[in-house]
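Just follow the structure's listing: the first ligand is 1, and inside any ligand the first atom is 1.
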Amino acid sequence: MTAEWTTLLGGLRTEHRAVGAFNAIMIEHAEAIVAGAELSGLPVILQISQNAVRYHGTLAPFARACLQLASDATVPVLVHLDHVEDEDLIHEGLGLGITSVMFDASKLDYADNVARTRAVVERCHTNGCLVEAELGEVGGKDGAHAPGVRTDPGEAAAFVAATGVDSLAVAVGSSHAMTDRSAVLDEDLIAALAAAVPVPLVLHGSSGVNDDGLRGAVAAGIVKVNIGTRLNQVLTEAVRAVLGEREQLTDPRRYLAPGRDAVRDEVSRLLTVLAK
Ligand code: G3H
Ligand code: ZN
């Protein structure tokens, strides 16, 4: 799995194309993300964030369901733990068969980020698991961080060399949890980072970037595009439309199925935008 995805991401990097990485909170998200990938015929990354684990209270049941969906899929699906700050959760994920994680030590100062990330990389690589890290904190994770932060190319190259990470999340103008797709990315900075860093670059907070902005980011060198909020927008809009018409509805399947279909279609559409 690790080698297959290292090759796949390396190929996308060379071709200036990208893969979508979508966040799942519930099984309906996960089903829709896999169905959307199958509809488009493209690989996908299925992400479970530490926050989603906290929502469920435990990792194993949802992670096992996602891993099963991935192994049954007709396209490559990589299950990835996203924005993990708790190293115990990474170790639990390794035990469950997770082969890709983002260790997020971006709130720490540079030296501590390097030291903690390098230790996680050593443990993950021993267990056949890829590691993404973040440098230059992407804003909006808990509302306390300015979206103006940028990743420095020289520091990014030094960070990758010092830690051995397999991919790097960079701050280039996006911010988490945006609902209006108005973010403007610094494409020159993306290109400079791509030239300086020998591993795939990851864009977080991509719900705030419109289709043209996504295309520009991919052309400049982004390889993995993380999208969460956008899926929740389309899911909730679809659910709201059904409930608005049928106030007496009580069976969740009646409103979750249209929500799941809407997410599937948006995943398929976005994957196609990123792969061109
Ligand atoms: O790691 C997840 C992503 O960065 C999602 O961000 O919800 O703003 O699309 P978003
Ligand atoms: Zn993120």
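Distance CG/Leu8 to CZ/Arg17: 9.0 Å, rounded to 0.5 Å. Interatomic distance, CG of Asp261 versus CD of Glu28, reported as 11.0 Å (0.5 Å rounding). With values rounded to the nearest 0.5 angstrom, Asp82 atom CG is found 8.5 Å from Asp104 atom CG. Here the CD atom belonging to Gln233 is positioned 8.5 Å from the CG atom belonging to Asp180, to the nearest 0.5 angstrom. Separation of atoms CG (Asn23) and NE2 (His80) is listed at 8.5 Å; rounding is to 0.5 Å.
Under the 3.5 Å distance criterion, with hydrogens and angles disregarded, a donor-acceptor pair is assigned to the side chains of Asn232 and His29.
Note on His204: its N/O/S atom closest to the Zn ion (ligand 2) is ND1.
Our summary of the site lists the angle at the Zn ion (ligand 2) between NE2 of His176 and NE2 of His83 as 100°, to the nearest 10 degrees.
Remark: Thr99 pairs with Met1, Thr2, Leu78 by the side chain to side chain contact (heavy atoms under 4.5 Å, CB included) rule, at least two apart or across chains.
Annotation: ligand 1 has protein neighbours Asn23, Asp82, His83, His176, Ala177, His204, Gly205, Ser206, Ser207, Asn226, Ile227, Gly228, Thr229, each with a heavy atom less than 4.0 angstrom from the ligand.
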